[in-house]
Amino acid sequence: MTILRRGSVLVAGSANLDFVVRAAHVPAPGETVLGRAFDTFPGGKGANQAVACARAGGASTRLLLALGDDANALPLEASLRDAGVDLDIVLVHDEPTGVAFVCLSDTGENAITVAPGANSRLRPDHLPSLAGITHLLLQLETPLASVEAWARTARDAGAAVVLNAAPARTLPPNLLAAVDILIVNEGELAALTGVQGDIGRAMAALEVACVVVTLGARGCCARIGTQQLLQPAFAIQALDTTGAGDTFCGALVAALSRGMPFATALRRACAASALACTRLGAQAGVPSYDEVERLLAAEREPGAIDDLAAYCRLA
Ligand code: RIB
C-alpha cells in the first residue's frame with residue numbers, strides 16, 4: 001500500500017536493549033521470582049516511538065540517539081533501519097549502550113529498570129537541523145537540560161513540540177512552556193499536577209495547549225484547548241504491554257504530521273497500541289500501517305464511551 005508522507009517527524013530520545021524475563025508475576029520489593037523465558041529486544045522510549053511513527057504511522061521519521069561502541073548497539077540500529085527510520089547517531093566511546101531490565105508478568109504487566117549509559121550523553125547541541133521538520137517528539141530518558149533546549153529550539157523554529165513525560169517526574173516550567181502537546185499516563189499526570197483521581201481537573205490544571213492521557217485498557221482522553229475528546233480502547237488479549245505507550249505516541253504524532261484531525265489520530269494511536277500489546281517486544285510488537293488500517297476497518301465502535309467519560313470525570 002502506498003503511504004502519503006506529508007509532515008516530517010524528528011524523535012530525539014533513548015535507545016536501550018531490553019533484557020526481558022517472563023515470570024508469573026512482577027516481584028514485590030525484596031522478593032525473588034523464579035522466571036521462565038529470557039530474551040532481548042530492541043527498546044528505549046525514543047527508539048520505540050520512532051519505530052511506531054515510521055511503521056505503524058507511515059510518517060517520514062528521523063531519530064537522534066546515542067549508542068555505545070559495543071555489541072548491544074547493533075540490534076538497536078538494525079531494528080530502526082528495518083522500520084525505515086533515518087538515524088542521527090551520536091557514538092559514545094566511554095559509556096555503554098543503554099539497557100533496560102524488564103520483568104514481564106503472565107498478565108502482560110511489566111516492571112522496568114533502565115541503565116541509561118550512552119543516552120545520558122545526548123547534549124543540546126546534538127540536535128540536527130530542523131529544516132523540513134513539522135513535529136519534534138521527546139521523552140524523559142535523556143538529560144532534562146537537553147530535552148528543554150531541544151523543545152525551545154523546535155518551538156522557535158515553528159515545529160510542533162510533543163513531549164511524552166515518561167518516566168514520571170516533575171518538570172521545569174520553561175520546558176512545559178515550550179510544549180504544544182503533552183502525552184502522559186495516569187501516574188505521570190498525577191506526578192505533574194499533584195491531582196489524584198480526577199483526570200478532567202488534572203488536565204485542566206496543566207498550562208499546555210493540548211494534553212493527552214493514556215489509560216491502558218480503558219483507552220485515552222484528551223483536552224485540546226477547552227475541547228475534550230474520549231477514545232475507548234480496542235479490546236485485545238494483552239501479552240506484553242512493554243512499549244504500548246510508546247506505540248501510542250509514535251502513531252499519534254505520525255497521524256498528526258499527516259494532517260489528520262485530532263480525534264482520528266487518537267483512534268489510530270489506540271488501535272496501534274492495542275495491536276502492540278498482543279506481541280512480545282517493544283519494537284518487535286509495533287504493528288504495520290496496514291495492520292492498523294485493518295483493525296480500524298473491522299472495529300465499528302470500540303468500548304463504552306459513557307464509562308470512559310465517568311472514569312475521567314468528563315461531562
Ligand atoms: O516504554 C518502554 C521502554 O522503556 C522499554 O523499551 C525500555 O527500554 C524503557 O526505555
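For ligands, and for the atoms within them, numbers begin at 1 and follow the listed sequence.
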With heavy atoms of [X] as the reference, note each atom of ligand 1 found under 4.0 Å away.
| X | result |
| --- | --- |
| D18 | 5 (C), 6 (O), 7 (C), 8 (O) |
| G43 | 6 (O), 8 (O) |
| G44 | 5 (C), 6 (O), 7 (C), 8 (O), 10 (O) |
| A282 | 6 (O) |
| D246 | 1 (O), 2 (C), 3 (C) |
| A100 | 7 (C), 8 (O) |

Proximal candidate to atom 9 (C) of ligand 1 [heavy atom criterion; set E141, Q283, Q49]: E141

NZ/NE/NH1/NH2 to OD/OE distance under 4.0 Å, R218 and E186: no

Presence of salt bridge, R22 and D240, under 4.0 angstrom: no

Contact check, G245 vs ligand 1, heavy-atom distance below 4.0 Å: no

4.0 Å heavy-atom contact, G243 with ligand 1: yes

Exercise: do S8 and S60 side chains pair donor with acceptor under 3.5 Å: yes

Side chain, backbone, both or neither: N48 near ligand 1, heavy atoms under 4.0 Å: side chain

Cation-pi check, R268 onto Y289 ring (under 6.0 Å, within 45° of axis): yes

Side-chain touch F248/V212, heavy atoms, less than 4.5 angstrom: yes

Validation row: V195, L189 side chains within 4.5 angstrom (heavy atoms): no

Heavy-atom closest pair, residues L17 and P42: CD1-N, 4.1 Å

Protein contact to atom 4 (O) of ligand 1 [nearest heavy atom, distance to 0.1 Å]: K45 NZ, 3.2 Å

With L80, the side-chain contact (heavy atoms from CB on, under 4.5 Å) member among T61, D86, L87, N48: L87

